[in-house]
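A quick write-up on the structure given underneath.
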Amino acid sequence: MERTCLAIILAAGESTRMKSAMSKVLHPVAGRPMIAHVVDALASASIADVALVVGRDAEAVSTAASTGSVNVSSFLQKERLGTAHAVLAAREAIEKGYDDVLVVFGDTPLITAAPLTAARERLAEGNDVVVIGFETADPTGYGRLIVEDGELLAIREHKDASEEERRITYCNGGLMAISGRKALDLLGRIGNANVKGEYYLTDLVEIVRSLGGRAIAVKAPEEELTGCNTRAELAYIERLWQQRRRHELMLAGVSMVAPETVFLAWDTELAQDVLVEPNVVFGPRVRVESGAVIHAFSHVEGAHVRAGATVGPFARLRPGADLGPKSKVGNFCEVKKAEIGAGAKVNHLTYIGDAFVGAGSNIGAGTITCNYDGVNKHVTRIGENTFIGSNSSLVAPVSIGSGALVASGSVITEDVPADAVAFGRARQEIKPGRAPILRERYEAEKAARKKINASE
Ligand code: UD1
Ligand code: CA
């Protein structure tokens with residue numbers, strides 16, 4: 001029979017060391033609040049019931065944790081009296097009676113399903129408390145795991161540890177699986193007689209042993225248990241997250257020339273045989289299909305790049321950009337809320353916003369869709385196989401019919417029918433022999449100015 005599980009996420013801390021106007025669990029990792037990463041790890045470990053313990057920024061934290069992947073109910077920890085006190089804020093949820101109670105921290109966003117599942121398996125084998133630990137070269141600040149003959153004797157918080165205990169490099173990751181049957185009784189016995197005067201969840205280990213129960217530790221990779229207490233640790237966690245995701249994508253068939261310079265969002269989808277050149281930044285909600293190339297120094301957000309399309313170098317795709325198969329958006333172009341049809345080219349120095357560009361059209365250098373009148377946004381519709389001459393302004397709302405040709409430098413304010421040629425500019429005037437006369441006049445004016453300056 002499958003064992004039931006309640007996960008309790010602790011996210012009520014003051015985040016003092018973060019020095020921030022908002023709770024640390026709201027700070028983004030890969031463009032999404034850290035707490036949402038924890039929730040998704042629980043979902044991928046097939047844990048459906050989650051109790052979220054909130055304090056500071058309670059409402060915002062609850063919202064950020066509601067990713068839709070699991071049921072989250074929030075519990076308010078009114079005072080910050082320590083991690084055991086925080087777990088007991090979710091007493092009502094624990095009382096429902098689960099086989100396993102899994103405590104995780106909101107500030108440990110790199111955790112994955114594997115150690116959570118491993119801890120639950122060890123619980124199923126008859127252990128009462130299973131702590132997820134890690135080995136680290138720098139254990140400062142972490143609780144130390146005191147292990148003997150495979151049994152976990154105690155967890156000693158850094159501040160309470162002796163010199164000898166501080167030399168231990170096996171640390172408490174802060175994540176713990178507890179027998180659901182015993183959880184409330186054990187938690188109720190925790191006191192606050194320690195250096196910080198807090199109720200430490202970690203005391204559970206000695207308590208369960210004193211009652212004849214069994215506690216053990218399971219080891220997980222250090223990376224997954226990296227906690228975020230400061231901005232420096234936040235940056236470090238971001239780096240680890242990026243490394244992990246780039247690696248996964250490369251193993252899945254994405255090429256990156258200089259992976260360490262490519263920045264991904266939590267939901268970036270890059271298909272097999274996508275090539276990403278150096279210095280590319282992906283914001284949220286991006287999907288790139290097979291064979292597409294993202295050239296160097298491009299910034300891509302909220303965009304769909306279809307098979308074989310190319311972007312950049314130095315292109316910016318903003319939300320709603322939808323690039324058709326084999327289309328091209330080249331250097332110094334910006335595309336926002338616009339469909340670029342199959343094989344269409346927007347190659348140089350162009351802004352396409354609130355627009356539809358038909359398949360096979362060629363948008364010349366410096367073309368601008370003038371989509372904003374200062375109050376409202378308007379749409380530009382460009383048909384298939386059109387040619388828009390360089391440096392044209394398309395003043396929306398306006399449409400250009402399929403096959404039409406717009407002369408370069410045009411200001412298009414009225415619809416252009418299919419297959420028409422539109423000259424949206426004044427005709428050129430030629431004045432033969434006039435240049436030397438003008439030049440002479442300009443020289444005279446310059447000399448006159450010089451004279452005035454000298455006499456002043
Ligand atoms: C905790 C562990 C330590 C472990 C480390 C791993 C305890 C006593 N110590 O220390 O052994 O090595 O994590 O990262 O458990 N929180 C509340 N309410 C409170 C206090 C904390 O909700 O009253 C939440 C925080 O928001 C945070 C988590 O609990 O998400 C951990 O608290 P934190 O103060 O960061 O604990 P550490 O000192 O890092
Ligand atoms: Ca912490």
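Counting starts at 1 for both ligands and their atoms, following the listed order.
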Under 4.0 Å, heavy atoms only, figure out whether ligand 1 is touched by the backbone of Arg17, its side chain, both or neither.
side chain

Tyr200 heavy atoms, cut-off 4.0 Å: which ligand 1 atoms fall inside?
8 (C)

So, do Arg316 and Cys333 sit near enough that their side-chain heavy atoms are less than 4.5 Å apart?
no

For a 4.5 angstrom cut-off between non-hydrogen side-chain atoms, does Arg156 reach Ile168?
no

Quiz item: cation-pi between Arg3 and Tyr98, 6.0 Å / 45°:
no

Check ligand 1 against Gly106 and write out every atom of the ligand that is under 4.0 Å from a heavy-atom position of the residue.
30 (O)

If you measure from the Lys or Arg side-chain nitrogens to the Asp or Glu carboxylate oxygens, is any gap between Asp128 and Arg209 under 4.0 Å?
no

Residues Arg244, Glu223: salt bridge by 4.0 Å N-O rule:
yes

Check each of Gly173, Gly174, Ala86, Gly82 against atom 23 (O) of ligand 1 and report the one with the nearest heavy atom.
Gly82

Between Arg285 and Asp267, does at least one N-O distance fall below 4.0 Å, as a salt bridge requires?
no

Give yes or no for whether the N/O distance cutoff of 3.5 Å, strictly under, is met between Gly13 and ligand 1.
yes

Tell me the closest heavy-atom pair linking Glu301 and Val286, and the distance in Å.
CA-CG2, 3.7 Å

Please check whether Glu157 reaches ligand 1 - meaning an N/O of the residue sits under 3.5 Å from an N/O of the ligand, judged on distance alone.
yes

Out of curiosity, is Ala12 lining ligand 1, as in a heavy atom under 4.0 Å away?
yes

Quick check: does Phe105 get an N/O under 3.5 Å from an N/O on ligand 1?
no

Do Ile8 and Ile94 make a side-chain contact, defined as non-hydrogen atoms from C-beta onward lying under 4.5 Å apart?
yes

If you count the atoms of ligand 1 from 1 in the order shown, which ones are under 4.0 Å from a heavy atom of Asp107?
30 (O), 35 (O)

With heavy atoms of Asn229 as the reference, note each atom of ligand 1 found under 4.0 Å away.
35 (O)

For Gly143, atoms of ligand 1 separated by under 4.0 Å from a heavy atom
3 (C), 4 (C), 11 (O), 12 (O)

Could you say whether the N/O atoms of Lys196 and ligand 1 ever approach to under 3.5 Å?
no

For ligand 1, note which part of Ala11 has a heavy atom under 4.0 Å away: side chain, backbone, both or neither.
backbone

Contact between Val130 and Glu121 at the side-chain level, heavy atoms closer than 4.5 Å - yes or no?
no

Please could you name the atoms of ligand 1 that Thr202 approaches to less than 4.0 Å, counting only its heavy atoms?
7 (C), 8 (C), 11 (O), 15 (O)

Counting only nitrogen or oxygen atoms and a 3.5 angstrom limit, does Thr83 reach ligand 1?
yes

Indicate yes or no for a side-chain donor-acceptor contact from Thr226 to the backbone of Glu224 under 3.5 Å, with no hydrogens or angles considered.
no

Side chain, backbone, both or neither: which part of Val53 comes within less than 4.0 Å of ligand 1 when only heavy atoms are counted?
neither

In terms of side-chain geometry, is the basic nitrogen of Glu164 or Arg167 positioned less than 4.0 Å from the acidic oxygen of its partner?
no

For ligand 1, which atoms sit closer than 4.0 Å to a heavy atom of Lys24?
35 (O)

State if His85 counts as touching ligand 1 under the rule of any non-hydrogen atom under 4.0 Å.
no

